[in-house]
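A short write-up of the structure that comes next.
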Amino acid sequence: RAWCQAAAQKLSGGLGSKLCLLNVNEGDKGAADPPAAKQQPHAAEGSCGCTKDCNCTKAAVQGFSDLYSTLLPAMDGDAKTLSFLQEVVDILLAYIVESFDRDTKVIDFHYPSELLQMNNWELQHEPSTLDDILISCRATLKYAIKTHPRYFNQLSTGLDMVGLAADWLTSTANTNFTYEVAPVFVLLEYVTLKKMREIIGWHEGRGDGIFSPGAISNMYAMLLARFKMFPEVKEKGMSSVPRLVAFTSEHSHFSIKKGAAALGIGTESVICIKADQGKLIPADLERRILEAKQKGFVPFFVSATAGTTVYGAFDPLIAISDICRKYNIWMHVDGAWGGSLLMSRRHRWKLDGVEANSVTWNPHKMMSVPLQCSALLVREEGLMQNCNQMHACYLFQQDKQYDLSYDTGDKALQCGRHVDIFKLWLMWRAKGTIGFEAQIDKCLELSEYLYNKIKDREGYQMVFDGKPQHTNVCFWYLPPGMRYMDDKEEKKKRLHKFQVAPVIKARMMEYGTTMVSYQPQGDKVNFFRMVISNPAATFEDIDFLIEEIERLGQDL
């Protein structure tokens, strides 16, 4: 509550006290109102609730119970609009405070059928009052997962305040991606992509790139690789080219196969290469390339992974690069999860050899940029434009008065494209490169702390030998009744039979104390995959997670 108390002192207009009072989980804690709140005088009906004279727009609005579609652009909607938006901001700020409060539940879990019955989510013919709209806002956040220091379930966690402010700004601007209508955003994308290419290691940051939705970046790379080898496919389709095959690790992200399906290449044309502890084996890659060529197939694309989803493993990029050059195959690096380690002088060696034909890099993961923020970086300048442009004259006129190279919309598959760049750019300005570096180093330090605590701890067994390369720490928890079994196969069967990891995860969600992911991998039964990307997490949070797993699993 320290943050809340500080806010109450610093924020004017009664907003500070609202941060303490507006609790979207009303009744969960049963805590009494803070003394400061009890001393607030009762606000007169229709006033803003402030304790002193003010010119607040709330004073001009008599509540929302009889208001429907009366906000801007409705006539004379100014005061009502500002008052309504202030209420929404109050709800959001209260939620933010709770998201950093470790005594707050990570999730107020209900089963889908229960949640459907508890609230009226149905759409109606008649409009709802603005009071009802605010109730819906509170209910939505009440049951939402909180970006909490003890939430370790996804690769993207945490909530950055500068990134949040940038997201609000881009939604307020509500514009698309040509220089004509979004001049600053277009320039910021140009500047930021160039900086990212410099960090990858391409000469003077030359090349191309685009921000796109999540794993679509990997599909873009496959699209470019196909066009580079067979440009006629753009007009004539797949019937004009031979049977193409792509290669990726058996531990790679599923988006590689999804991209092949979407592009008409087919999932059966994606050949999965064997991996050792999550890392692609180069010898097997070369063997499979030669096999494909002998069958008359055309190898056109190799996707190496820098930070696999489950193990956090980094493929040997230099060796893969040598093979791709030898056989003239496009090399792509899927650095969606691990690409951000390029920002760290201590850890960027894990991406040696990243200077490929294309690279995916998702700042919404390790860099905590609000979702979504995914970039595809391309070494060859102009290739994206040639591959994707359709010369739509009603959007991309050639007689505009400015440099048309800044109209980047025609190189994207989308027409309407969300402005993802401002969040990353503003956070980069706020933190600097050294700030991101410190944040990334801290997360890796926390994962090493977890690994060192449990590798020899009674009741834990690591999924693979050796220190993790990323923040992924993969382990089994062994309840007391399974710890001293000598038969490894029997131990595995009992872990699976009694659903140890799924049961502990379900209990975590029902108690709302923490969340961590689990999954099987190959012949390995369900294990916990702990990942850390939230800079708000601490050593104490790691200790809490260990204790909570043991508390929830001791009776299994």
Side-chain angles (χ1 to χ4, degrees), residues 200-203 207-208 217-234 236 238-253 255-276 278-306 308 313-335 338-339 350-360 376-384 386-387:
I200 287 172
W202 291 327
H203 182 61
D208 207 342
S217 297
N218 288 336
M219 188 178 77
Y220 264 120
M222 189 175 287
L223 179 69
L224 294 174
R226 184 178 66 177
F227 178 79
K228 176 69 174 177
M229 186 172 284
F230 296 102
E232 63 271 22
V233 75
K234 180 177 178 180
K236 297 180 180 179
M238 286 296 292
S239 62
S240 66
V241 301
R243 170 74 181 273
L244 303 179
V245 286
F247 304 85
T248 191
S249 164
E250 61 184 354
H251 283 226
S252 66
H253 195 265
S255 59
I256 303 300
K257 286 192 174 182
K258 274 201 172 186
L263 296 176
I265 296 166
T267 58
E268 290 184 359
S269 296
V270 178
I271 298 173
C272 292
I273 307 303
K274 292 179 181 178
D276 179 18
K279 302 174 190 177
L280 180 147
I281 301 172
D284 191 53
L285 171 63
E286 185 164 19
R287 181 180 67 83
R288 300 301 295 276
I289 289 173
L290 290 171
E291 281 183 1
K293 290 171 72 70
Q294 289 169 0
K295 294 177 181 178
F297 303 153
V298 177
F300 82 108
F301 181 80
V302 172
S303 178
T305 309
T308 58
F314 289 76
D315 286 345
L317 303 182
I318 294 175
I320 295 171
S321 177
D322 291 341
I323 293 171
C324 288
R325 276 197 298 270
K326 181 177 179 179
Y327 296 101
N328 194 28
I329 303 174
W330 180 288
M331 178 179 171
H332 172 65
V333 176
D334 178 8
K350 298 169 186 176
L351 289 104
D352 285 350
V354 73
E355 306 87 352
N357 296 94
S358 57
V359 178
T360 292
L376 174 72
L377 296 311
V378 184
R379 187 168 63 188
E380 182 176 336
E381 191 170 359
L383 185 64
M384 286 197 79
N386 292 334
C387 179

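With hydrogens and angles left out, the side-chain atoms of R243 and S269 include a donor and acceptor closer than 3.5 Å.
Taking the side chain as every heavy atom from C-beta outward, V333 and M331 approach each other to under 4.5 Å. A heavy-atom distance below 4.5 Å is found between the side chains of V359 and W202. Looking at heavy atoms from C-beta onward, R325 lies in side-chain contact with D322 at the 4.5 angstrom threshold. Contact annotation: the side chain of I323 never approaches that of V302 to less than 4.5 Å [non-hydrogen atoms, C-beta and beyond]. A 4.5 Å side-chain heavy-atom check between I320 and L285 finds at least one atom pair inside the cut-off. Side-chain contact between L383 and F227: present, with at least one pair of heavy atoms (C-beta onward) separated by less than 4.5 Å.
Judged by distance alone, the side chain of T308 and the main-chain N or O of H251 form no donor-acceptor pair under 3.5 Å. Between the E381 side chain and the D208 main chain, no donor and acceptor come within less than 3.5 Å of each other. Of the possible donor and acceptor atoms, one in the side chain of D284 sits under 3.5 Å from a partner among the backbone N and O of K274. Using modelled atom types, no side-chain atom of T305 and backbone atom of D315 make a donor-acceptor pair closer than 3.5 Å.
Closest approach of N218 and H332 over heavy atoms only: OD1-NE2, 2.9 Å. Nearest heavy atom pair, residue L351 against residue G338, reads CD1-O, 3.6 Å. Nearest heavy-atom pair, K234 versus N386, reported as atom, atom and distance to 0.1 Å: NZ-O, 2.8 Å. Nearest heavy atom pair, residue V233 against residue R226, reads CG1-NE, 3.8 Å. Pairing each heavy atom of I200 with each of V354, the nearest pair is O-CG1, 3.5 Å. Taking every heavy atom of both residues into account, P282 and A319 meet most closely at CG-CB, 3.8 Å.
Taken from NZ in K293 to OH in Y327, the straight-line distance is 8.0 Å, to the nearest 0.5 Å. In this structure, the separation between CH2 on W330 and CZ on R379 is 8.0 Å, given to the nearest 0.5 Å. Taking OG1 of T248 as the reference point, atom CD1 of I256 lies at 5.0 Å (rounded to 0.5 Å). To the nearest 0.5 angstrom, S252 atom OG is 9.0 Å from L280 atom CG. In this structure, OH on Y220 lies 13.0 Å from OG on S358, to the nearest 0.5 angstrom. Of the inter-residue distances, the one linking F247 atom CZ with I329 atom CD1 reads 6.0 Å to the nearest 0.5 angstrom.
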Residues 257-265 side chain polar contacts: donor-acceptor under 3.5 Å, at least two apart:
none

One pair to check against side chain to side chain contact (heavy atoms under 4.5 Å, CB included): V241 and F300. What are the steps and the verdict? CA-CA 11 Å; V241 301; F300 82 108; over 6 Å; no

Could you go through the side chain to side chain contact (heavy atoms under 4.5 Å, CB included) check for D352 and L317 one step at a time? CA-CA 7 Å; D352 285 350; L317 303 182; over 6 Å; no

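Counted within 6.0 Å of CD on E268, heavy atoms from surrounding residues, nucleotides or ligands total 12 or fewer; the atom is thus considered open.
For the side chain to side chain contact (heavy atoms under 4.5 Å, CB included) test, residues two or more places apart in sequence or in another chain that qualify with E291 are R287, R288. Not counting sequence neighbours, the partners of F314 by the ring-ring contact (aromatic ring centres under 6.0 Å, His included) test are H470.
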